[in-house]
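Letters go in sequence order (proteins before strands), and every chain restarts at 1.
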2 protein chains.
Amino acid sequence: MVKQPKAVRPLTHGQVWAALDRLAERAGLSPSGLAKRAGLDPTTFNKSKRITGDGRERWPSTESVSKALAATNASIETFVALIGDGGRTGQAVPMIGFEQAGTAGLFDDSGFPSGKGWDEVALPTIHDEHAYALEIEGDQMKPAYREGDIIVISPGTPIRRGDRVVLRTAGGEMLVKELKRRSARTLELGSLNPELADRILDAEEVAWIARIVWVSQ
Amino acid sequence: MVKQPKAVRPLTHGQVWAALDRLAERAGLSPSGLAKRAGLDPTTFNKSKRITGDGRERWPSTESVSKALAATNASIETFVALIGDGGRTGQAVPMIGFEQAGTAGLFDDSGFPSGKGWDEVALPTIHDEHAYALEIEGDQMKPAYREGDIIVISPGTPIRRGDRVVLRTAGGEMLVKELKRRSARTLELGSLNPELADRILDAEEVAWIARIVWVSQ
DNA sequence: TCGATTTGAGGTAATAATTCCTAGAAATGT
DNA sequence: ACATTTCTAGGAATTATTACCTCAAATCGA
């Protein structure tokens, strides 16, 4: 399946204020209590002040946000997490399709991205608190994985056909495979090494199975 | 291990402006160019406007920040990453060698890590603000990279033999290769697809070369 | 229940951020 | 080398955010 580059949604007026509300709530404060504790006027964060008389949106200054963070002993990262509309979280980096990358004007002389046309993609493992990593030893999984590579596994992520997976058999064997087919009764597993044969496992033989989401190089 | 409560350093005036500067730089813009593109007055982000005549710090409004982010197609997470003062660390996950992973007692019944013996490894590129991503299109790089995979490139990272790299030739061609040998005059590049031949490039033909650090699956 | 405190709306005043303007410096294109 | 554009400093004018004030409603404690 083709991964969809996540469209970057702009930071909205409502999100900023919602984050301030949540920041206050998390500290057991009302919006006015938070403003007071931050050394600001208690009405600064009033809901009635978020839209001006003529219907224009009023945004807080970064200074006010900074003071609110300091007052609740929270970091800017926390603030961003509180913006959380579900779609966000995690560091994002500029991304572009490989074919497009060949066109001129997308990189500067040093190979850093520049210019227009870049999308963004979130590095996804950030929100998976159960993620863990395995270090590859030996060359059985070449050329996909080489000795010293680190594979990041996300045991909570759903698995689809075509995903690369780590699984443990009932007998305690650890396998790294590509999931070719999955039925109610069996799993068909392709080898990463093209010289090795595929393998079919009974579903009952599988203790657990988890998806590989990232690989270091 | 008991988690230490992280000492929260407040968000500073300098960090906010530094992040805006880096945001502009990443988009190949000057501070005034960024302001202009954001629909603001070009002098809004002038260094001369960051401190008022009487020495007081001037902070931008969240609205201006939001507009700057929209203008560069960046998310608030990116902005926070650009604040990066080095002290902020990325998420770390438990790691263990693949061979050891087969031994008993390291996973619970659901496949989550448990027990002792786990190391820690930091997740992708949190520290590299220049990192970017390319989405793989087509199957020329199978089996290492498949259509839809996202490769994360770190142009600042030093390159060693055996690393997988992205490079651009003087002619504008983009290549994904494995660096086999590098001398003062030439680069010997192995193909990721074993059916394709290696390639030797003159050092002068290479516009830039950057290391691939992570791959999504 | 009753006073004390907090909360939030709604207004005006004060202060701060942004815009508009000018001019010189730096970068860019021809 | 020249013209053109971009960039930035600095100042005044404008607009927006915050502070200050009052009042009614809600909340809290005794």
Side-chain angles (χ1 to χ4, degrees), chain A residues 10-72 79 104-110 112 114-116, chain B residues 10-72 76 79:
Chain A
L11 182 63
T12 65
H13 173 258
Q15 287 174 332
V16 173
W17 286 113
L20 275 171
D21 284 341
R22 295 195 186 112
L23 186 70
E25 189 185 359
R26 236 181 46 145
L29 298 167
S30 63
S32 69
L34 173 60
K36 204 191 303 183
R37 169 111 66 107
L40 300 165
D41 184 90
T43 67
T44 306
F45 296 156
N46 266 10
K47 288 204 171 66
S48 64
K49 295 282 173 73
R50 299 181 185 181
I51 294 186
T52 62
D54 46 339
R56 189 181 39 80
E57 294 180 334
R58 178 187 153 248
W59 298 61
S61 75
T62 47
E63 186 172 20
S64 298
V65 172
S66 168
K67 285 179 177 172
L69 290 171
T72 53
F79 188 77
L106 286 167
F107 296 92
D108 64 18
D109 292 343
S110 311
F112 296 100
S114 71
K116 303 174 184 176
Chain B
L11 181 63
T12 66
H13 174 259
Q15 286 174 333
V16 172
W17 286 112
L20 275 171
D21 284 341
R22 297 196 185 113
L23 186 71
E25 188 187 358
R26 231 180 53 147
L29 297 167
S30 64
S32 68
L34 174 61
K36 205 192 303 182
R37 171 126 43 123
L40 301 164
D41 185 272
T43 67
T44 305
F45 297 156
N46 266 10
K47 288 204 172 65
S48 64
K49 295 279 175 77
R50 299 180 185 182
I51 294 186
T52 61
D54 46 338
R56 188 182 39 80
E57 295 180 334
R58 179 186 153 251
W59 298 61
S61 75
T62 46
E63 185 172 21
S64 297
V65 172
S66 168
K67 285 179 178 171
L69 290 172
T72 53
I76 180 66
F79 188 78

Q: Starting at atom CG of Asp54(B), determine the distance to atom C1' of dG11(D), rounded to an integer number of angstrom.
A: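 Whole-Å distance recorded here is 14 Å.
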
Q: Think Ser32(A) has a side-chain N or O under 4.0 angstrom from the OP1 or OP2 of dG8(C)?
A: yes

Q: How long is the span from the CD1 atom in Ile51(A) to the CD atom in Glu57(A), to the nearest 0.5 Å?
A: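 It comes to 6.5 Å.
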
Q: What is the distance from atom CG of Leu23(A) to atom CD of Glu25(A), rounded to the nearest 0.5 Å?
A: 10.5 Å

Q: What's the NZ-P distance between Lys47(A) and dT17(D), to the nearest Å?
A: 18 Å

Q: Find the distance Glu25(A):CD to dT7(C):C1' and express it as a whole number of Å.
A: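 Spelled out: CD on Glu25(A) to C1' on dT7(C) is 16 Å.
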
Q: Do the side chain of Ser66(B) and the main chain of Leu11(A) share a donor and acceptor less than 3.5 angstrom apart?
A: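 Pair found, side chain donor or acceptor close to backbone of Leu11(A).
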
Q: When you check the phosphate oxygens OP1 and OP2 of dC7(D), does a side-chain N or O of Ser30(B) lie under 4.0 Å from one of them?
A: yes

Q: Within this structure, what is the CZ-to-P distance between Arg37(B) and dT5(D), rounded to whole angstrom?
A: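 So the two atoms are 19 Å apart, to the nearest Å.
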
Q: Could you give the CD-to-P distance, from Glu57(B) to dA17(C), as a whole number of Å?
A: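 From Glu57(B) CD to dA17(C) P: 10 Å.
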
Q: Over how many whole Å does the gap from Glu63(B) atom CD to dT17(D) atom P extend?
A: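 In whole Å, dT17(D) P lies 6 Å from Glu63(B) CD.
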
Q: Below 4.0 angstrom from OP1 or OP2 of dA17(C), is there any side-chain N or O of Arg50(B)?
A: no

Q: Nearest 0.5 angstrom please: Lys67(B) NZ to Thr44(B) OG1, how far?
A: 9.0 Å

Q: Would you mind reading off the distance between Asp21(A) atom CG and dT7(C) atom P, rounded to a whole angstrom?
A: 13 Å

Q: List in numerical order all residues of residues 39-46 of chain B for which some heavy atom is under 4.0 Å away from an atom belonging to DNA chain C.
A: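 Per residue number, the list reads Leu40(B), Asp41(B), Thr43(B), Thr44(B).
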
Q: Taking the side chain of Pro31(A) as its heavy atoms from C-beta onward, which of dA9(D), dA9(C), dG8(C) lies nearest to it?
A: dG8(C)

Q: Please give the angle, rounded to 10 degrees, between the axes at the start and the end of the helix from dT1(C)-dA30(D) to dA13(C)-dT18(D), where five pairs define each axis.
A: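 That helix gives 20° between its end axes.
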
Q: Whole-Å distance between dG8(C) C1' and Leu29(A) CG?
A: 15 Å

Q: Regarding dT19(C), can its base be found pairing with the side chain of Lys49(B) as donor and acceptor, where the two atoms are less than 3.5 Å apart?
A: yes

Q: Would you check if Asp21(B) and Lys47(B) make a side-chain contact, meaning some heavy-atom pair closer than 4.5 Å?
A: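 Of all side-chain heavy-atom pairs linking Lys47(B) with Asp21(B), at least one is under 4.5 Å.
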
Q: Counting distance only, does the side-chain N/O of Asn46(B) pair as donor-acceptor with the main-chain N or O of Ser48(B) below 3.5 Å?
A: no

Q: Quick one: are Phe45(A) and Leu40(A) in side-chain contact, heavy atoms under 4.5 Å?
A: yes

Q: Tell me, do Trp17(A) and Pro60(A) make a side-chain contact under 4.5 Å, heavy atoms counted?
A: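 They are in side-chain contact.
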
Q: Taking the side chain as every heavy atom from C-beta outward, state whether Pro31(B) and Lys49(B) have any atom pair closer than 4.5 Å.
A: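 Side-chain contact under 4.5 Å: no.
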
